[in-house]
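Just so you know, ligand 1 is whichever comes first in the structure, and atom 1 is the first atom listed for that ligand. Nothing fancy with the numbering, it's 1 onward along the sequence.
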Amino acid sequence: MPDSKMDETKKKKKKTAECCGYPISIFFIVVNEFCERFSYYGMRAVLVLYFRYFLLWDDDLATSIYHAFVALCYLTPILGAIIADSWLGKFKTIIYLSIVYAVGQVVMAVSTIHDITDANRDGTPDNFTLHIALSMLGLVLIALGTGGIKPCVAAFGGDQFQEHQSRQLNTFFSVFYLCINAGSLLSTLITPVLRAQECGIHTQQQCYPLAFGVPAALMVVSLVVFIAGSGMYTKTAPEGNIMGSVCKCIWFALNNRFRHRSDIYPKREHWMDWAEEKYDKLLIAQIKMVLKVLFLYIPLPMFWTLFDQKGSRWTLQATTMTGDFGGFVLQPDQMQTVNPILILTLVPIMDRIIFPLIKKCGLNFSPLKRMTVGMLFAATAFIAAALVQMEIDKTLPNFPSSSESQLKVVNMHSESLIVTVPSQEPLLIGSFESSPDYITFDQQDIRLAFNTTPEINKDLSLIKGSRQTLIIPSEPAEMYLKEDIKSKPKEGKNAVRFVNGWTAYLNITNLESSLQPSETSNYTLVSQGMRKFTLTDGIQSCEFSRKFGFGSSYTFLIPSDLFSTDCESIKEIEDMQPNSVHMALQIPQYFLITTGEVMFSVTGLQFSYSQAPKNMKSVLQAGWLCTNAVGNIIVLIVAELGKLPKQWAEYVLFASLLVAVSIIFSIMAYFYTYIDPAEIEAEILKQQETDPDKKKKKETLEMEEKENEQEIKQTKI
Ligand SMILES: CC(C)C[C@H](NC(=O)CN)C(=O)O
């Protein structure tokens, strides 16, 4: 860094106003971070639902676009860092990219207003292409904004501290992390509630515009708060195209090393020293510092691979559990809020009690050791998840394998029936009852015999890997097969269907269409809690209520005396038991992974700042965030490729991989020597002032280059 610029920064640093030992300016930065994270996580909380139920994408497309968006959000930091460190400086970069971000959030919110294309006023958008185009544009702008400012805000916060405030600097990173999680916790709780409201101009629909609009407003607030602190910040000037210089310098070092590969040239301490002929010693030293840290980052994505499965695999696991806590009911996706809640409690405990206690015991719990322990905690969390999964597996129905088929028989006939089934004892099925459970067959084609008069023999061709129910209506000869669900219903919901034993058409609330006599409806999904169904044939009606748990499936048999018994004679057949393992069992795994996160992520954030040269702080923050993006990409790949037959086995595999990676990381960390970049930089600057060799080396190189050029010309002639 040129001396004049260093002096300028120092001069500015002297002026910063303090409160309790902290620069006042960081107040604006942490509030800005809180609002920004509220905006980001709030929008993310309802994004998949928007894809699924507004744009009507299928599950796979919705999940893939969601993960691709998250990965993009953690890849764009490198762009933001380059802009900040090389061109605009952190302050301006944060302002400009925050504007892009806010515009993105507004575009996203606009894309969710169904009325803008609902010309026929039926409550569904008429022009999906416009909504998709707007939302994709919004998401790209958001990813650019959120990712772009992310490395700059943390580093800019760090820049506000002076040399004597190193203790406060560490606390700042913890408070910064607290704000991230406070913002994420509040928005994850609030935006789903906003989404559940109904709003609209022509028709009342789920209120996505409000759920996306509030995060957009918070982003504007975040920008205003940041600008409000403008007069108080320490602003370090950008250093010119630093990334360009870094790349050229590395390229030159590699080239020069290759040109001097013969043994006659004396070895140099580091391969980057081969750039000495042309480049500043300071730049070379700075690149060495950055490369050393980036090398150390190589194993880190594995941590995020496990960490980010909270939102996917662990939430899916929660859908096979029960969330009834007596006084309140927790939905499967709400379990994720346990993470920010624990962060808010664990960060102060670690900072104020655990780490000082460890220090008091005389143990050197260095940042890299903390990160290793953090990884081990995350691995243990996955072992805990595997144990919970084993408990769940014990309660799951025995679903058919891909070569098996399963069958249940429902008798709606007025008399009991004896059914002869291949390689089974004959089944006695009472009138208006079903066979006790699904019968599993290895073959697809089976023949059933019924003791009706005359006897009926029925050849069935079952579907492999499926569960089916054979419905025997009041007229047994008209029996038919109906396909059943073969996995737990999504999102912890309950799948219900009705078989119409009433003598006329029936309309049932929540069902798509009316039911003909003897017909079986398709499944409809209902949430946990008390649910009411009104059944009517257009003349008479009655109400049927039932309390549902999580993840069950029922077939309700409607009798011929439906209205005379006021719906009370409806019979339920439990096709799938409700979940019985409690979601509270997930708390230990959340506790372990969050402890791991505090040790790994908060420390990593501090480490990336402290080990970076002054002009590359944002670049290193971006490198740190990229480890997260790579982790997310690994999740995508593993989810696609590595389908293990048992979920618990997959958890154990991930835990083992992380243990292996943490061992490698601890070895790498053992050889890492902590540095004070400012000290090294100052020393080199001092040396350079008195180095007569430098000029000579440059001259020699220039001469060599000229000679080469002449040689080339002569050869051409
Ligand atoms: C760990 C993320 C890369 C950073 C952080 N997330 C959390 O703190 C989640 N507990 C964020 O900045 O969003």
Check: Do Gln317 and Gln647 have side-chain N/O donor and acceptor atoms under 3.5 Å apart?
Finding: no
Taking only heavy atoms of [X] into account, list the atoms of ligand 1 that are under 4.0 Å away from them.
{"X": "Asn181", "result": "7 (C), 8 (O), 9 (C), 10 (N)"}
{"X": "Arg37", "result": "11 (C), 12 (O), 13 (O)"}
{"X": "Lys150", "result": "11 (C), 12 (O)"}
{"X": "Ser601", "result": "1 (C)"}

Check: So is Asn628 polar-close to ligand 1, meaning N/O to N/O under 3.5 Å?
Finding: no
Next item on the list: Fit a plane to each ring of Tyr590 and Trp314, take the angle between them on a 0 to 90° scale, and name the class: parallel (under 30°), tilted (30 to 60°) or perpendicular (over 60°).
Entry: perpendicular
Next item on the list: Could you tell me how the ring of Tyr22 sits relative to the ring of Phe161: parallel (under 30°), tilted (30 to 60°) or perpendicular (over 60°)?
Entry: perpendicular
Where the closest heavy atom to [atom] is concerned, which of [options] has it?
{"atom": "atom 1 (C) of ligand 1", "options": "Tyr177, Tyr40, Phe176", "value": "Tyr177"}
{"atom": "atom 7 (C) of ligand 1", "options": "Arg44, Glu33, Glu597", "value": "Glu597"}
{"atom": "atom 5 (C) of ligand 1", "options": "Thr594, Ile180, Leu178, Asn339", "value": "Ile180"}

Next item on the list: Go through Tyr609 and Asn170 one step at a time and tell me if the side-chain hydrogen bond (donor to acceptor under 3.5 Å, both in side chains) criterion holds.
Entry: CA-CA 10 Å; Tyr609 184 83; Asn170 278 347; over 6 Å; no
Item checked: atom 13 (O) of ligand 1 - nearest protein heavy atom and its distance -> Tyr41 OH, 2.5 Å
Margin query: Below a 4.0 angstrom heavy-atom separation, can you tell me which part of Trp304, side chain or backbone, both or neither, approaches ligand 1?
Written below: side chain
Margin query: Taking atom NZ as the centre, does Lys92 end up with more than 12 heavy-atom neighbours from other residues, nucleotides or ligands that are less than 6.0 angstrom away?
Written below: no
Next item on the list: May I ask you to check whether over 12 heavy atoms, not counting those of Tyr96, lie within 6.0 Å of atom OH?
Entry: no
Check: Under 3.5 Å, is there a donor-acceptor pair between the side chain of Ser39 and the main chain of Pro215?
Finding: yes
Item checked: Expected output: side-chain Gln611 to main-chain Pro677 donor-acceptor under 3.5 Å -> no
Checklist line | Tyr74 to ligand 1, any heavy atom closer than 4.0 Å | finding: yes
